[in-house]
Structure formats: C-alpha cells, structure tokens
Amino acid sequence: MSRKKVRVGSIECGTDQLFLISGPCVIEEEGIMMRTAEMLKEVSERLKVPVIYKSSFSKDNRSSLKYYNGPGLDAGVRMLAKVKEQFGFPVLTDIHYPDQAAAAAGVVDVLQIPAYLCMQTGLMVAAAQTGRVINIKHGQFLAPENMKHPVGKCVEAGNDQIILTERGYTMGYNDLVVDPRSFYHMGLLGYPVVFDIT
C-alpha cells in the first residue's frame, strides 16, 4: 500500500520523522500566545522536532456559554499570522462553518476539522476547496475505517492533502478511550495519522 506524504511548511508528514502539533487550545491574549510560541521554538530546536503551531480562533463546541471560546475569526487569524511571521511555524486552526474556510486559509497552513464535525459535507468541501492541508479529527462516533467517508469528500472536492487525527472514542461515560487498533485501520486509508494525546 502506498503511503501519502503531506507537506506542511517544511515538515513532511507521513515519514518516520516525529513532529508535534502544539499550542494553546484556543487563542488567548497576545502575551500568552507569544510566550508559548517562544517556548515551543526552543523545544523544537533543542530536540530537533518540528512543530506545527495550533490554536483555535473559536472553540464552538464548548459545553457551556460561560466558557471562553476564543477571540473570533478576524482577531484570531491576525494573531496566528503574527506567530507565523515572528517564529516561522506553520500554523493550524479549527474551522466550524463553511464560510470560515477561505478566510482562515488566507493565513493558516492547516485547516482542522473538529471530530464532531467530520461528517459535515459542506464544511469538508469548503475546506478542501481552499487547497490547504486538512487535518480531520476522527469522530467519536465513527469506526476508524469509516473515516474513508470524510476523506472521500475531500478527495472528490479536489484535495488529497489530508492528515487524520486519532483522538479516542466516547463510550457514554464522560470518558475517551483510545483503541490502538484505530491507528492501523486509519493508516490503511494511506494518509498520515497523528495521535491527539490530550
């Protein structure tokens, strides 16, 4: 089986080289964002592990209206552009709606599809049509081999620059369980598979 390699900036995903996707879950105030980027740059250089800087302008799946969900698209993308320019990281952010895809893709290297939304056709097609790399998080409700469906939507929309992320299953008891067999089954789709250990 051929295994696809996907380039994100200077990072070739899908090889034996370890890389990290890391950063604040949601974009916070500028000082935190820059200090985090500075620390990640130091770790990356010291350990010789490339980093894709990740932070979301909006986390639209928070469990309460009381929880901070980010600064929004315009302010968030400006912050990611600053991190990218100052530290040289490729950057990744979540999108939740089709109309966010093009604006985010104007800055970021990777559009991430949240697990809950991986079967949303309009979102997948809008992300694919930007030409950016798409990181599709494995839906808690899908068997690993059924990730072929969101992958297929992207490919049919003209984009095979895809990374898959394993993030565990919801078992109905407020817990996520990672089945190691998932890495094998998603790997059979031929795209790089990363592990969300959070």
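Values below: all heavy atoms of this structure, side chains included; hydrogens, waters and symmetry mates excluded.
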Donor + acceptor pair across side chains of D160, Y191 (<3.5 Å): no

Please confirm whether the backbone N or O of V108 pairs with a side-chain atom of R132, one donor and one acceptor, at under 3.5 Å? yes

Closest approach of A37 to V83 (non-hydrogen atoms, all atoms of both residues): CB-CG1, 4.0 Å

Would you say that more than 12 heavy atoms from the other residues, nucleotides or ligands in this model lie under 6.0 Å from the CD of E38, or not? no

Return the CD1 to CD distance between I163 and Q112, rounded to the nearest 0.5 Å. 9.5 Å

Tell me if a side-chain donor or acceptor on S44 pairs with a main-chain N or O of L40 at a distance below 3.5 Å. no

Side-chain ion pair, E166 and K137, N-O less than 4.0 Å: no

Over 12 foreign heavy atoms within 6.0 Å of OH, Y184: no

Geometric cation-pi criterion, K41 with F89: 6.0 Å, 45°: yes

Tell me whether T93 contacts the main-chain N or O of S55 through its side chain, where contact means a donor paired with an acceptor under 3.5 Å. yes

C13 side chain reached by K5 side chain, heavy atoms, under 4.5 Å: no

To check you understand the geometry: which heavy-atom pair defines the closest contact between V49 and L20, and what is its length? CG1-CG, 3.8 Å

Roughly how far, to the nearest 0.5 Å, is CZ of F87 from NZ of K82? 9.5 Å

